[in-house]
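Report on one structure; see the data block that follows.
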Amino acid sequence: MTALELHQLLQRGEVTPVEAAGHYLARAERLDPELGAFAVLTPERAIERAAAVAAEVPKTAPLWGMPLADKDLHPRAGVPTAFGSRAFEDFVPDESDDTVLAVDRAGAVSLGKTATPEFGLPSYTEALVGRPTRNPWNPALGAGGSSGGAAAAVASGMLPFAPGSDGGGSIRIPAAACGLVGVKPSRGRVPSGSGQSGLAGLGVVGAIARTVADAALLLDGLIAPTGYPPAHAYALRAPGDDGPYLGAAIRGEGRYQIGVLADSPWDDAYEITVAPEARSALDRAIAVLDAARNGIEEIPLAPEPGYAPAFRTIWQAGAGTIPVEDDGIARLEPLTQWLVERGRALPARQLAEALSWLAGFERRTIARFASYDAVLTPALALTPPAVGWYDAVDGEHNFAQQVQVTPFTSFVNVAGLPAITVPVEFTDAGVPMGVQLIGRPGGEMALFDLAAQLERRLRRAPRHPLVW
């Protein structure tokens with residue numbers, strides 16, 4: 001059943017939080033050995049928490065009794081948290097981070113930690129501290145990253161939905177690879193993961209789910225875990241309302257002007273090719289949205305030759321802040337070592353210039369998209385790569401590979417805009433392909449409307465991976 005259906009059963013008392021947690025734990029124990037979606041499973045803690053929710057938490061809590069799991073980048077007190085790294089494989093935090101506290105306040109039940117690549121830096125989840133995370137639709141393929149464990153768990157039915165974080169596509173990439181809905185909210189929208197405290201404001205917290213309504217249900221709970229209005233920690237936040245978005249995700253009634261984006265800001269630095277499978281999904285989405293009487297037009301090209309060096313600088317600078325020194329650096333994976341070394345060698349002037357350039361890019365991008373309610377792109381440029389496809393030694397080649405698979409995601413983080421990925425069709429080999437819708441600043445409501453239109457009009461029969 002969908003997460004929304006489970007939520008309704010819990011509210012009516014037809015299923016208890018303990019029964020729901022036990023059901024998904026049993027699935028995880030059966031399926032996860034093949035998929036590697038979980039970094040840690042905590043069955044005893046989960047059942048204890050579910051019983052406590054049933055006895056002590058009011059049913060008005062927005063995620064009351066709902067099972068989910070914490071991404072391994074988000075510490076939970078008393079639960080091993082490795083951040084996907086061998087350098088932290090024995091770390092057990094004393095405190096929980098804001099996102100973990102938010103899902104607890106919302107009444108959710110955590111079953112453990114979902115797998116992530118080392119410090120969430122790559123767009124695929126094959127950390128050496130654990131097993132590679134495999135795609136439920138074809139276990140020879142990767143699940144994407146960095147919220148790859150969350151996506152694999154949801155796509156295989158080990159979780160009804162899952163929170164994730166997204167600093168360059170880390171929700172949308174694995175959601176697209178695993179045939180799911182992935183929501184990256186506007187910068188400042190989710191109080192516990194607003195992006196305001198991170199370098200260039202890239203990383204935010206959002207939702208991964210099997211349906212548009214399920215994603216909205218989880219996002220609403222993340223935004224306002226104790227009810228509306230949400231408790232924002234910063235004076236600066238996303239424009240527009242803070243939801244709830246579930247109504248729009250169910251209705252899907254609006255008519256909008258949609259721009260189709262044919263270029264990427266990476267085009268001047270890397271050879272970007274959109275695979276026929278990705279183009280087919282885009283064309284089908286265009287046809288469906290056009291039939292729903294939305295306006296559709298191509299967006300004129302606008303080269304941004306400064307994007308690649310500026311974004312690389314920020315990515316490397318962020319890696320340079322990883323709290324690992326001396327012998328600990330030797331325990332990092334080769335790609336992470338390369339990023340850390342580059343980041344710590346950056347001159348302050350180069351970092352300041354990159355931040356300034358990206359701030360200008362944000363303004364130009366918002367102005368470029370201003371006449372559209374939403375912008376449509378492929379979710380991925382290529383089909384999901386096989387496990388082991390990315391270069392594990394050469395950092396430059398690895399970075400280029402990631403860009404070529406995911407050229408349409410990182411610039412959305414730089415611009416602070418909301419975006420949602422929606423599955424559209426399957427390739428002849430049975431691999432899901434989807435599209436991305438990018439909204440105006442604070443434009444989540446329109447995105448949920450459009451995503452619901454797509455989902456409803458595609459009329460996809462329920463389909464699950466073989467491992468289901």
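Residues: numbered from 1 along the sequence shown. Please read these numbers as outputs of a predicted model, since none were measured by experiment.
Checked for salt-bridge contact, Asp449 and Arg251 miss the test: no charged N lies under 4.0 Å from a carboxylate O.
Judged purely by distance below 3.5 Å, without hydrogens or angles, the side chains of Gln436 and Thr421 never pair a donor atom with an acceptor atom. For the residue pair Asp72/Thr116, the side-chain donor-acceptor check at 3.5 Å is not satisfied. Using modelled atom types, one finds no donor on one side chain facing an acceptor on the other under 3.5 Å when comparing Gln316 with Glu341. For the residue pair Thr211 and Glu455, no side-chain donor N or O sits within less than 3.5 Å of a side-chain acceptor on the partner. Of the N and O atoms on the side chains of Glu425 and Ser280, at least one donor lies less than 3.5 Å from an acceptor on the other residue. In the model, Thr125 has no side-chain atom that pairs as donor or acceptor with a side-chain atom of Thr133 under 3.5 Å.
Applying the salt bridge (Lys or Arg N to Asp or Glu O under 4.0 Å) test to pairs two or more places apart or on separate chains, those with a residue in residues 223-240 are Arg237-Asp242. The list of salt bridge (Lys or Arg N to Asp or Glu O under 4.0 Å) pairs with a residue in residues 259-276, not counting sequence neighbours, reads Asp263-Arg368. Each salt bridge (Lys or Arg N to Asp or Glu O under 4.0 Å) pair with one or both residues in residues 159-177, not counting sequence neighbours, appears once here: Asp166-Arg172. Sorted by first then second residue, the salt bridge (Lys or Arg N to Asp or Glu O under 4.0 Å) pairs that include residues 133-148, not counting sequence neighbours, number zero. Residue pairs that meet the side-chain hydrogen bond (donor to acceptor under 3.5 Å, both in side chains) test with at least one member in residues 383-394, sequence neighbours left out, are Asp391-His397.
Under the side-chain hydrogen bond (donor to acceptor under 3.5 Å, both in side chains) criterion, Arg312 pairs with Tyr270, Glu396, sequence neighbours left out. Scored by the side-chain hydrogen bond (donor to acceptor under 3.5 Å, both in side chains) test, Arg187 finds Glu362 as partners (sequence neighbours excluded). For Ser410, the side chain to side chain contact (heavy atoms under 4.5 Å, CB included) test picks out Trp266, Tyr307, Phe311, with sequence neighbours left out. The side-chain hydrogen bond (donor to acceptor under 3.5 Å, both in side chains) check on Ser123 picks up Gln402, with sequence neighbours excluded. Residues satisfying the side-chain hydrogen bond (donor to acceptor under 3.5 Å, both in side chains) test with Arg349, not counting sequence neighbours, are Glu353.
Residues Ala207 and Ala215 share a closest heavy-atom pair of CB-O, 3.6 Å. Across every non-hydrogen atom of Pro407 and Pro265, the tightest pair is O-CD, 4.4 Å. The two residues Ala386 and Glu126 come nearest to each other via the heavy atoms O-OE2, 4.2 Å. Heavy atoms only, all atoms of each residue included: Ala143 and Ala177 are closest at O-CB, 3.8 Å. Between Ala292 and Gln453 the shortest heavy-atom distance is CB-OE1, 3.4 Å. In terms of heavy atoms, Ser147 sits closest to Ile171 at OG-CG1, 4.2 Å.
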Extract all donor-acceptor atom pairs below 3.5 Å that involve side chains of residues 100-108 and protein atoms in other chains or at least two apart in sequence.
from: Asp104; atom 1: OD1; to: Arg76; atom 2: NH1; distance (Å): 3.3
from: Asp104; atom 1: OD1; to: Arg76; atom 2: NH2; distance (Å): 3.0
from: Asp104; atom 1: OD2; to: Arg76; atom 2: NH1; distance (Å): 3.0

Got a list of side-chain donor-acceptor pairs under 3.5 Å for residues 148-160, not counting sequence neighbours?
from: Ser156; atom 1: OG; to: Ala152; atom 2: O; distance (Å): 2.7
from: Ser156; atom 1: OG; to: Ala153; atom 2: O; distance (Å): 3.3

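Of the options Val260, Val435, Ile296, a side-chain contact (heavy atoms from CB on, under 4.5 Å) to Leu289 is made by Ile296 and by none of the others. The side-chain contact (heavy atoms from CB on, under 4.5 Å) test with Ile438 is passed by exactly one of Thr409, Ile420, Val412: Val412.
Distance check, rounded to the nearest 0.5 Å: CG of Asp283 to CZ of Arg279 gives 4.0 Å. Taking CG of Leu4 as the reference point, atom CG of Leu246 lies at 6.0 Å (rounded to 0.5 Å). Rounded to the nearest 0.5 Å, atoms OG (Ser264) and CZ (Phe411) are 7.0 Å apart.
Panel note: side chain Thr321, backbone Gly318; a donor-acceptor pair is recorded below 3.5 Å. In this structure, the side chain of Ser170 engages the main chain of Ser146 through a donor-acceptor pair within 3.5 Å.
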For Ser96 and His74, run side chain to side chain contact (heavy atoms under 4.5 Å, CB included): C-alpha distance rounded to whole Å, both residues' side-chain angles, the deciding distance at 0.1 Å, then the answer.
CA-CA 7 Å; Ser96 300; His74 299 289; over 6 Å; no

Given the rule in the side chain to side chain contact (heavy atoms under 4.5 Å, CB included) test, do Leu217 and Phe161 qualify, once you have shown the distances and angles that lead to the verdict?
CA-CA 9 Å; Leu217 173 66; Phe161 52 27; 3.9 Å; yes

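A cation-pi arrangement is absent between Arg440 and Tyr372 under the rule of less than 6.0 angstrom and at most 45 degrees off the ring axis.
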